[in-house]
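Remember, it's a predicted structure, so these values are computed and weren't measured experimentally.
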Amino acid sequence: MKKRSGFIVMAHLIGLVKPLSGFMILAILMGLVGHICAAFITIFGGYAVLNLLGFDTPLELTGIFVSLIVFALLRGILRYAEQACNHFIAFKLLALIRDKVFRALRKLCPAKLEGKDKGDLISVITSDIELLEVFYAHTISPAAIAFLFTIVMCLFIGSYHPALSILALIAYLTVGVAVPIITSKISGDDGMKFRTKSGDLSSFVLDSLRGLPEIIQYGSGEKRLSQMNEKTENLSDDESRLKRTSGRNAALTNTIILIFDIAMLFVSAFFYQNGNVNFCGVLIPTIALMSSFGPCVALANLGSTLQNTFAAGNRVLDILEETPAVCEISGKPEISFNGASVENAVFSYGVETILDDVSLEILQGSIVGIVGRSGCGKSTLLKLMMRFWDTQRGAVRISDTNITEISTGNLRDMESLVTQETHLFHDSINNNLRIANLSATDEEIEEACKKASVHDFIMSLPQGYDTPVGELGDKLSGGERQRLGLARAFLHNAPFMLLDEPTSNLDSLNEAVILKSLREERDNKTVVMVSHRQSTMRVADKVYSMENISKTSGRTS
């Protein structure tokens with residue numbers, strides 16, 4: 001995880017406000033006027049006292065009371081409007097950020113997400129993004145309001161004596177700037193630790209739910225529960241530490257405010273004794289300072305809260321700024337499929353070389369089999385053909401064109417990949433199949449399922465194609481999920497099919513039906529199959545062994 005300072009995270013998050021800058025300016029103006037009204041309610045109360053004591057005031061007593069009523073009404077209306085505007089901005093921006101995050105994840109998938117902790121990703125997408133609401137609704141406009149409000153109040157207090165203005169400025173800066181910075185330093189990286197542990201707990205819970213059958217089978221429930229409780233307690237300890245820091249922050253803030261209020265009283269009284277100000281110059285500046293710390297206190301209270309928020313923002317920015325392993329291509333001339341080849345391909349995961357100088361040729365209309373020991377790179381080779389990764393050296397070509405020169409959309413239309421694990425969404429069978437071809441008719445879906453030898457099974461279900469498959473497809477067996485994956489590939493109707501262990505979970509009867517379908521499709525389909533089954537390889541026109549398809553070793557069939 002890239003560690004950024006709070007200022008860098010803040011700058012990135014503020015940059016996202018640009019589309020809603022008009023609403024933000026409106027919220028700041030309403031907040032500023034609202035706080036001025038709140039402060040001047042107390043100040044005009046001071047004028048009323050002075051008027052009753054016979055001192056000259058800007059307004060008569062009637063005008064003062066009318067002003068107090070107007071200020072009170074305006075304060076309530078503007079406060080509501082400011083909060084409504086801020087929350088509109090916050091929730092709108094959270095929607096925009098989620099959209100950006102999902103777009104980023106789409107670009108990162110699958111290469112950069114294979115090693116990612118899924119539970120931690122869920123935590124980022126949900127709770128971390130949700131936590132940014134604090135920043136957008138309760139940080140940006142309050143900071144701008146505090147800055148502008150400080151200027152207004154310093155000018156007003158300074159109208160009685162410049163030194164009082166300087167004292168007020170020092171008070172505002174101490175409460176609104178120094179206290180949050182000190183609190184942030186004291187908090188250190190507690191916020192980041194809390195968010196990280198929160199993600200770890202989410203991951204652990206998700207992993208436990210997915211592995212519940214194994215946990216029950218092997219009687220490890222007590223141990224798993226103990227581990228979960230330990231993680232929960234650690235997270236609770238971190239949260240308690242953050243709360244204690246927040247409490248100390250509030251106590252420090254209130255103490256500093258009291259000290260500056262007393263200081264303003266004594267300094268103005270000193271000037272009164274020396275004839276620099278009259279009694280109004282003692283009472284009004286003191287009351288003005290006492291009633292005007294609201295915007296600065298809002299900033300002071302953010303000192304500890306923002307640590308958690310910036311930690312969440314840091315984790316979100318990690319996703320948004322992650323560089324995809326493969327960039328999407330657009331704008332290239334569209335091509336049609338007429339064969340594929342791999343030429344001297346070299347590919348490594350980090351320092352581990354998986355494919356070393358691999359070459360093979362796939363003729364249009366042929367069925368090609370690929371065999372080899374586990375871990376030799378068979379599945380990786382298929383993913384290179386899909387351009388989930390790019391080769392470090394060599395090339396993958398389709399229709400004599402390097403796939404790095406083919407538009408991504410064009411490439412996806414020409415290819416369909418069936419992996420060893422078919423993912424099924426928590427939806428109906430029909431909708432799970434239709435993802436391969438959104439415009440497919442019911443007849444086309446049924447035809448694809450017949451080719452995958454799964455139509456009869458679906459029709460035996462109470463709701464047929466409208467049957468829900470359940471969370472993660474748990475209501476279906478491995479073979480049924482695999483056949484639905486094959487039905488998707490047939491429905492996609494791409495000319496180039498890449499099948500990774502397509503019959504590993506099937507019995508011989510269903511395997512025979514599917515292999516028959518593949519033979520019948522050879523006029524308009526080219527198929528590459530990875531399999532350990534000799535019976536599956538019998539349908540292949542040519543079989544490559546991964547151990548013997550490097551340039552130096554030659555090819556075998």
Closest non-hydrogen atom pair between [X] and [Y], with its separation:
X      : Y      : result
Ile403 : Ile329 : O-CD1, 4.2 Å
Leu433 : Ala487 : CD2-CB, 3.8 Å
Ser374 : His532 : OG-NE2, 3.9 Å
Leu411 : Met386 : CD2-O, 3.7 Å
Ile429 : Gly464 : CD1-O, 4.2 Å
Ile445 : Asn430 : CD1-OD1, 3.7 Å

What distance do [X] atom [atom1] and [Y] atom [atom2] have between them, rounded to the nearest 0.5 Å?
X      : Y      : atom1 : atom2 : answer
Met24  : Ile28  : CE    : CD1   : 6.0 Å
Asn229 : Ser236 : CG    : OG    : 11.5 Å
Ser141 : Ile89  : OG    : CD1   : 7.0 Å
Thr503 : Glu511 : OG1   : CD    : 4.0 Å
Asp128 : Ser198 : CG    : OG    : 7.0 Å
Glu321 : Asn314 : CD    : CG    : 8.5 Å

Can a donor-acceptor pair be found, under 3.5 Å and without considering hydrogens, that links the side chain of [X] to the backbone of [Y]?
X      : Y      : answer
Ser407 : Gly409 : no
Arg483 : Gly478 : no
Ser399 : Ser336 : yes
Thr232 : Met228 : yes
Ser477 : Glu480 : yes
Ser220 : Lys223 : no
Thr391 : Gly394 : yes
Ser416 : Ala494 : no
Ser359 : Glu343 : no
Asn234 : Glu230 : yes

Check whether the side chains of [X] and [Y] place a donor and an acceptor atom closer than 3.5 Å, and report yes or no.
X      : Y      : value
Gln482 : Ser504 : yes
Asn510 : Asp507 : yes
Asn437 : Ser439 : yes
Thr404 : Asn402 : yes
Asn432 : Arg488 : yes
Asp466 : Ser428 : no

Got more than 12 heavy atoms from elsewhere within 6.0 Å of [atom1], [X]?
X      : atom1 : value
Phe23  : CZ    : no
Asp400 : CG    : no
Gln463 : CD    : yes
Gln534 : CD    : no

Is any side-chain heavy atom of [X] closer than 4.5 Å to a side-chain heavy atom of [Y]?
X      : Y      : value
Ile406 : Met414 : yes
Val316 : Val101 : yes
Met385 : Leu417 : no
Glu361 : Lys542 : no
Cys449 : Phe457 : no
Met537 : Ser531 : yes
Glu443 : Glu447 : no
Thr526 : Met497 : no

Next item on the list: Show the numbers, then the answer: is there a side chain to side chain contact (heavy atoms under 4.5 Å, CB included) between Thr408 and Val326?
Entry: CA-CA 10 Å; Thr408 303; Val326 175; over 6 Å; no
Note to self: Can you see whether Phe204 has Arg224 sitting over its ring - NZ or CZ less than 6.0 Å from the centre and within 45° of the normal?
What the structure shows: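 So Arg224 does make the cation-pi contact.
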Should the pair [X]-[Y] be classified as a salt bridge under the 4.0 Å nitrogen-to-oxygen rule?
X      : Y      : result
Glu322 : Lys107 : no
Asp99  : Arg103 : yes
Glu328 : Arg106 : yes
Asp200 : Lys231 : no

Next item on the list: Assess whether side chain to side chain contact (heavy atoms under 4.5 Å, CB included) is satisfied between Val513 and Lys450, documenting all intermediate values.
Entry: CA-CA 9 Å; Val513 173; Lys450 288 176 182 177; over 6 Å; no
Checklist line | Mutual orientation of the aromatic rings belonging to Phe337 and Phe496 [parallel < 30°, tilted 30-60°, perpendicular > 60°] | finding: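 Plane angle under 30°, so parallel.
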Next item on the list: Could you walk me through whether Leu355 and Met546 pass side chain to side chain contact (heavy atoms under 4.5 Å, CB included), step by step?
Entry: CA-CA 9 Å; Leu355 301 177; Met546 287 296 296; 3.4 Å; yes
Against [X], only a single residue in [options] fulfils side-chain contact (heavy atoms from CB on, under 4.5 Å); can you say which?
X      : options                        : result
Phe347 : Val358, Thr380, Asp356, Asp390 : Thr380
Val530 : Asp500, Leu381, Val368, Thr536 : Asp500
Ile367 : Ile362, Leu515, Val528, Asp541 : Asp541

Next item on the list: Please check if the distance between the ring centroids of Phe490 and His492 is under 6.0 Å.
Entry: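 Aromatic pair excluded; centres sit 6.0 Å or further apart.
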Notebook entry, point to check: Given the rule in the side chain to side chain contact (heavy atoms under 4.5 Å, CB included) test, do Leu518 and Lys525 qualify, once you have shown the distances and angles that lead to the verdict?
Noted result: CA-CA 8 Å; Leu518 291 175; Lys525 293 278 191 298; over 6 Å; no
Item checked: Verdict with supporting geometry, His423 and Phe425, ring pair (Phe, Tyr, Trp, His ring centres under 6.0 Å) -> CA-CA 7 Å; His423 178 79; Phe425 297 93; 4.8 Å; yes
